[in-house]
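Shown next, in C-alpha cells, is the structure this report addresses.
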Amino acid sequence: PLVAMTYYNLVFRAGELRFARSLAEAGVAGAIVPDLPLEESASWEREAAAAGVDATLLAAPVTPDDRLRQVAERSRGFVYAVSVMGITGARDRLAASAAVLARRLKDVTDRPVVIGFGISTPEQAVEACREADGVVVASALIRRLLDGGGPDEAAAFVHSLREALDRG
C-alpha cells in the first residue's frame, strides 16, 4: 500500500476531507502528518477515515507510556516509531532508542510498528526489523534523487532494501 507523508499546511489548505479524498482517489491507503499533534488531530483522523485513508500517528522515544497508548489506539494502519529525537535525515547507525521504542509500542498495541528517521542502509533496515514490523526510508532515497539519480537508481535502492529485509 502507498502511504503519503506531508505537512499539515497542505491538508489544511485543501481541507481535511477534500485532501483525504484526493489521496484515496490517487490510490493512497494512508497518510502521515508529522507536524499535527495528537491533541489537534481528531478532526483529521475522522475525515481521513471517512475517505478510507488510514491516519498514521507518530510516537517518539520520549513519549510517556500513557500517551504512547493513546497514539497506538488512535493510529490506523500502523504506528510510526520515530527512531531518534531530532530532525530527520540519513544517519551512520540506527539509534538504540529505536529498538526500545518499538518494544514499548508492541507492549501496548497489536498494530504493526514501523520505525523511521535515519534509516539509510539495507543493514539498518534489517536491524530495525529485529524489533519492528517495517521501516520508513525516505531521506536516503530522496538524497539519491537530489544527487542526480533517476527512477532506475531509486528503484535499485528500494530493491536492495527489500532483498535485505527478505533475507532477514
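All heavy atoms count here, side chains included; hydrogens, waters and symmetry mates do not.
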Fill in: Residue list, side chain to side chain contact (heavy atoms under 4.5 Å, CB included) with V100, at least two apart or on another chain
R103, R104
Worksheet item: Within the distance-only criterion (no hydrogens, no angle test), does the side chain of S160 pair as donor or acceptor with the backbone N or O of V158 below 3.5 angstrom?
Response: no
Worksheet item: Would you call Y7 and V33 a side-chain contact if the rule is heavy atoms closer than 4.5 Å?
Response: no
Donor-acceptor pairs are to be reported for all side-chain atoms of residues 161-168 against protein atoms at under 3.5 Å, with residues two or more places apart or in another chain.
unit_1	atom_1	unit_2	atom_2	d
R162	NE	D166	OD1	3.0
R162	NH2	D166	OD1	2.7
E163	OE2	H159	NE2	3.1

Worksheet item: Taking it one step at a time, do C129 and V135 satisfy side chain to side chain contact (heavy atoms under 4.5 Å, CB included)?
Response: CA-CA 7 Å; C129 285; V135 293; 3.9 Å; yes
Fill in: Side chains of V113 and F78 in contact at under 4.5 Å (non-hydrogen atoms)
no
Discussion item. Could you see if W44 belongs to whatever hydrophobic cluster contains L38? Use Ile, Leu, Val, Met, Phe, Trp, Tyr and a side-chain cutoff under 4.5 Å.
Written reply: no
Discussion item. What I'd like to find out is whether the side chain of T109 reaches to under 4.5 Å of the side chain of E73, using heavy atoms alone.
Written reply: no
Worksheet entry | Partners meeting salt bridge (charged side-chain N to carboxylate O under 4.0 Å, His left out) with E47 (sequence neighbours left out) | none
Using residues 12-28 as the side-chain source, report each donor-acceptor pair under 3.5 Å to any protein atom, sequence neighbours left out, with the distance given to one decimal.
unit_1	atom_1	unit_2	atom_2	d
E16	OE1	S43	OG	2.4
E16	OE2	Y8	OH	2.6
S22	OG	F19	O	2.7

Discussion item. With a 3.5 Å distance limit and no angle check, can you tell me whether T121 reaches the backbone of Q124 through a side-chain donor-acceptor pair?
Written reply: yes
Discussion item. Within this structure, what is the OG-CG distance for the pair S75 and L105, rounded to the nearest 0.5 Å?
Written reply: 9.0 Å
Fill in: Nearest atoms (heavy-atom pairs only) where G150 meets L145
O-CD2, 3.8 Å
Worksheet entry | Cluster link F157 to I119, ILVMFWY, side chain under 4.5 Å | yes
Worksheet entry | Pairing residues for D107 by the side chain to side chain contact (heavy atoms under 4.5 Å, CB included) criterion, not counting sequence neighbours | none
Item to complete: With sequence neighbours left out, write down each residue that passes side chain to side chain contact (heavy atoms under 4.5 Å, CB included) with A155, or none if nothing qualifies.
Response: none
Item to complete: Check the pair D65 / V108 against side chain to side chain contact (heavy atoms under 4.5 Å, CB included), numbers first and verdict last.
Response: CA-CA 9 Å; D65 289 340; V108 299; over 6 Å; no
Worksheet item: Charged N to carboxylate O below 4.0 Å: is that the case for K106 and D133?
Response: yes
Worksheet entry | Partner set under side chain to side chain donor-acceptor pair (under 3.5 Å) for T63, not counting sequence neighbours | none
Worksheet item: Considering residues at least two apart in sequence or located in another chain, which fulfil the side chain to side chain contact (heavy atoms under 4.5 Å, CB included) criterion with P64?
Response: D66, R67
Worksheet item: Any side-chain hydrogen bond (donor to acceptor under 3.5 Å, both in side chains) pairs touching residues 141-157, not counting sequence neighbours?
Response: R143-D147
Practice prompt. Please assess I115 against V136 for the test side chain to side chain contact (heavy atoms under 4.5 Å, CB included), listing each intermediate value before the final yes or no.
Written response: CA-CA 6 Å; I115 296 176; V136 172; over 6 Å; no
Atom pairs and distances, donor-acceptor, side-chain atoms in residues 51-62, under 3.5 Å, two or more places apart:
unit_1	atom_1	unit_2	atom_2	d
T56	OG1	R76	O	3.0

Discussion item. With clusters defined by side-chain heavy atoms of hydrophobic residues (ILVMFWY) lying less than 4.5 Å apart, directly or transitively, does V114 cluster with I32?
Written reply: yes
Fill in: hydrophobic_cluster_shared for M5 and V82, side chain cutoff 4.5 Å
yes
Worksheet item: Side-chain heavy atoms under 4.5 angstrom apart, residues restricted to Ile, Leu, Val, Met, Phe, Trp, Tyr: same cluster for L36 and F117?
Response: no
